[in-house]
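The block underneath contains the structure these notes are about, expressed in structure tokens.
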Amino acid sequence: MKTSNLLLSTTRETPADAVVISHQLMLRAGLVRPLAGGLYNWLPLGLRVLRKVEGIVRDEMERAMSQEILMPVVQPMELWEESGRANDYGPELLRIKDRHGREFALGPTHEEIITDLVRKEIRSYKQLPINFFQIQTKFRDEIRPRFGVMRSREFIMKDAYSFHMDTDCLEKTYQTMFEAYNRIFTRLGLDFRPVQADTGSIGGEASHEFHVLADSGEDDIAFSTQSDFAANVELAEAIAPRSARAEATAIVEKVATPNAHSIAEVQSCLRVKTKKILKTLLVQGATEETPVVALVVRGDHTLNEIKAEKLDLVAEPFTLATDEQIFASAGCKAGSIGPVGLSIPVIVDRTAFNSSDFICGANEDDFHLTGVNWDRDAKATLVADIRNVVKGDPSPCGQGKIEIKRGIEVGHIFQLGNKYSTALNATVLNENSRAQVLEMGCYGIGITRIVAAVIEQNNDEKGIIWPESIAPFQVCIVPMQMHKSPRTEEAVMAMYKTLTEMGVEVLLDDRKERPGVMFNDMELIGIPHRIVIGERGLDKGQIEYKHRRDEKAQDIPEDEFMNFLKEKLNLA
RNA sequence: CGGGAUGUAGCGCAGUUUGGUAGCGCACCACACUGGGGGUGUGGUGGUCGCAGGUUCAAAUCCUGUCUUCCCGACCA
């Protein structure tokens, strides 16, 4: 490819509304252009990278015995009603009607479609296990698209779905996918970690997310400082304190805390540490007998809604109590609630239950209680893990302490079980000629997001630094004064022809630009290998080479150059 | 959905306070010089000032509404 035939839309200035580095560089390098909120055009250079990512994913999926198919973006609503997700999925599901008034949705994921396909096509246990994947556009009407293609509304995803007669078989495929994912992200040159994850709205049992470590990530990942343990903070267990609770030494006293409603306000009002204060939150209960439930965590901790939601007493989805309910249950406004004397169920976090002589709301506006103790002054209906882990907590694996880093979720694998196969009645005949519901796994990779994630981890002040595996071109040739020097032109064209015939993806910058412009553009778009050819070198019988990551260029004798380059390209 | 910003040429911005001929840099086009790190000069192209309505002799500027984009929040006891 020659730059004269390529839309090379680089810009010197960074568009003002791009915040993260990958978004800035994708715009500056001319990979993508915004169309509307969360919608992007992919320009030729960006698409070349996207296709490379797809290629690696496809290659490894096929190696892992998954078969490629393609399912429609537009999906009939009936299937969503059949699975029950028409109600559950909410406003992220973009619904549309055709000319006949029939309802459809733009697919945010394809569990319903694949399950429908499989129930129609697969008849016998002899055909199982089977694993299908597709690389397809998804649409999710995100609350807040941001960071360019990192969180866009339309995006490309690889999604795979496996079907099994039993959970043992599912677990084997899950493990195969786990290994395939590790190979994929390794080939993509990413610094990543598999982490234990919550299954979220998609449902199911076991689940791992694959996260690219980057400060711009939107997820918090909890790591152990001493083991391989890694889990999304949504899931990471906050283990019970090992030490016994200290003896009660104080008596309960009611103190005025005018206008102090938040933990921070109470803290500054009473001049105590936040960990001495317990906060009590009222939420919707699961049953009519317990319409409101109290949740208690320590002032320096935050409630984990996902953990809370899983408790039998707590309504799903997690919903805070209304002001009316709070007044009816506690006799005060939010901000002055405490566990003492409440007649509703009180669920206490394990760590909060280890506090003694603590401070909490007095269930009377603008008053708090000090010197409160569990059992003596307040009863816990249930003690459970309902908070987020924080840095320094003991790791649930038993080794080391928790450390928290930001991650970009680029892959997610689930053991779904039979949620969808049951809902859609996807069965096959087993050895006994009996219909049996299928076990199901699903495995996603965010293709477009990966492009951004790679850039987040591979850039410098000059621009993008592509890993070899997904660079839009492996090599660029930058000629010096080619329009004035027939000798240079001859050498450049010969090099271009040789490399092209070798099957190397080479970009020849044949624009009549100044050297500085060409150097800067090639560095901005991140081509790994650079060859400079000019009279200066030719006079000495030399050709210049520089890797994008090299500090300095080196001059190589002409007759050794091809062997030198082959070694650099791993073609030797 | 709540809060805060923002919108003027492809990009980055000034002009709005105090109403009076729409500007600058980059990019783009032409020519000349230059030629190993975004060079210089001369001359150009390009804008319904987000949109709609209002006030006024006169609106980018004041008023009302509306939309876009971006940021923060959606944990608050």
Side-chain angles (χ1 to χ4, degrees), chain A residues 8-20 23-24 27-28 30 33-39 90-91 143-148 151 257 260-266 277-283 292 294-308 318-323 325-327 329-339 342 359-368 386-388 462-463 478-485 488 509 511-524 530 532-539 542 544 546 552-553 555:
Chain A
L8 197 58
S9 286
T10 56
T11 62
R12 197 188 307 205
E13 300 201 73
T14 304
D17 50 11
V19 180
V20 297
H23 189 200
Q24 294 174 354
L27 292 169
R28 283 191 57 210
R33 289 289 180 259
L35 174 66
L39 302 176
I143 298 176
R144 182 143 88 94
R146 58 179 151 180
F147 302 159
R151 180 171 293 281
T257 49
H261 304 300
S262 68
I263 290 295
E265 285 162 357
V266 174
I277 310 168
L278 298 194
K279 59 180 169 187
T280 308
L281 293 80
L282 300 190
V283 303
V292 180
L295 303 176
V296 182
V297 297
R298 229 167 61 181
D300 56 333
H301 290 149
T302 54
L303 180 72
N304 182 312
E305 291 184 16
I306 290 169
K307 290 177 181 175
F318 178 93
T319 313
L320 290 166
T322 62
D323 289 345
Q325 286 176 314
I326 292 172
F327 187 78
S329 304
C332 63
K333 291 181 189 151
S336 303
I337 311 173
L342 284 182
I359 296 161
C360 63
N363 295 326
E364 183 178 340
D365 285 340
D366 296 326
F367 285 95
H368 276 72
I386 54 171
R387 70 171 173 95
N388 286 316
K462 290 172 185 292
V478 182
M480 295 293 113
Q481 304 275 62
M482 184 164 70
H483 58 285
K484 276 191 179 171
S485 164
T488 301
D509 199 346
R511 296 174 298 171
K512 196 182 164 186
E513 281 290 353
R514 301 178 70 84
V517 174
M518 296 194 277
F519 289 147
N520 280 312
D521 272 347
M522 292 302 116
E523 279 159 347
L524 175 58
R530 186 183 79 188
V532 178
I533 299 176
E535 295 218 336
R536 186 194 287 182
L538 294 176
D539 284 343
Q542 291 175 333
E544 180 187 305
K546 182 180 175 296
K552 284 182 178 170
D555 292 318

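Every chain is numbered from 1, with letters handed out A, B, ... down the list of sequences.
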Q | side-chain hydrogen bond (donor to acceptor under 3.5 Å, both in side chains) involving A:D300 - partner list, sequence neighbours excluded | A | A:R298
Below 3.5 Å, can you tabulate the donor-acceptor pairs from side chains in residues 512-519 of chain A to any protein atom, sequence neighbours excluded?
none

Q. For A:R511, what residues pass the salt bridge (charged side-chain N to carboxylate O under 4.0 Å, His left out) criterion, not counting sequence neighbours?
A. A:D509, A:D521
Q: Sequence neighbours left out, what passes salt bridge (charged side-chain N to carboxylate O under 4.0 Å, His left out) with A:K279? Give chain and number order.
A: none
Q: From the options B:G37, B:C71, B:C70, select the nucleotide whose nearest atom is closest to the side chain of A:D17.
A: B:C70
Find every protein N or O atom lying less than 3.5 Å from an N or O atom of nucleotides 25-32 of chain B, and list the pairs.
{"from": "B:G25", "atom 1": "N2", "to": "A:E13", "atom 2": "OE2", "distance (Å)": "2.7"}

Q) Partners of A:R28 by salt bridge (charged side-chain N to carboxylate O under 4.0 Å, His left out), sequence neighbours excluded? A) none
Q | Test salt bridge (charged side-chain N to carboxylate O under 4.0 Å, His left out) applied to A:E364 - qualifying residues, sequence neighbours left out | A | A:K254
Q.
Is it the case that B:G39 (base atoms only) and A:R514 (side chain only) share a donor and an acceptor within less than 3.5 Å, ignoring hydrogens and angles?
A. yes
Q | Check: B:G37 base within 3.5 Å donor-acceptor of A:R530 side chain | A | yes
Taking N or O atoms only and anything under 3.5 Å, show me the protein contacts with nucleotides 2-10 of chain B, one pair per line.
none

Q: List for me each residue that meets side-chain hydrogen bond (donor to acceptor under 3.5 Å, both in side chains) alongside A:N520, sequence neighbours excluded, and say none if there are none.
A: none
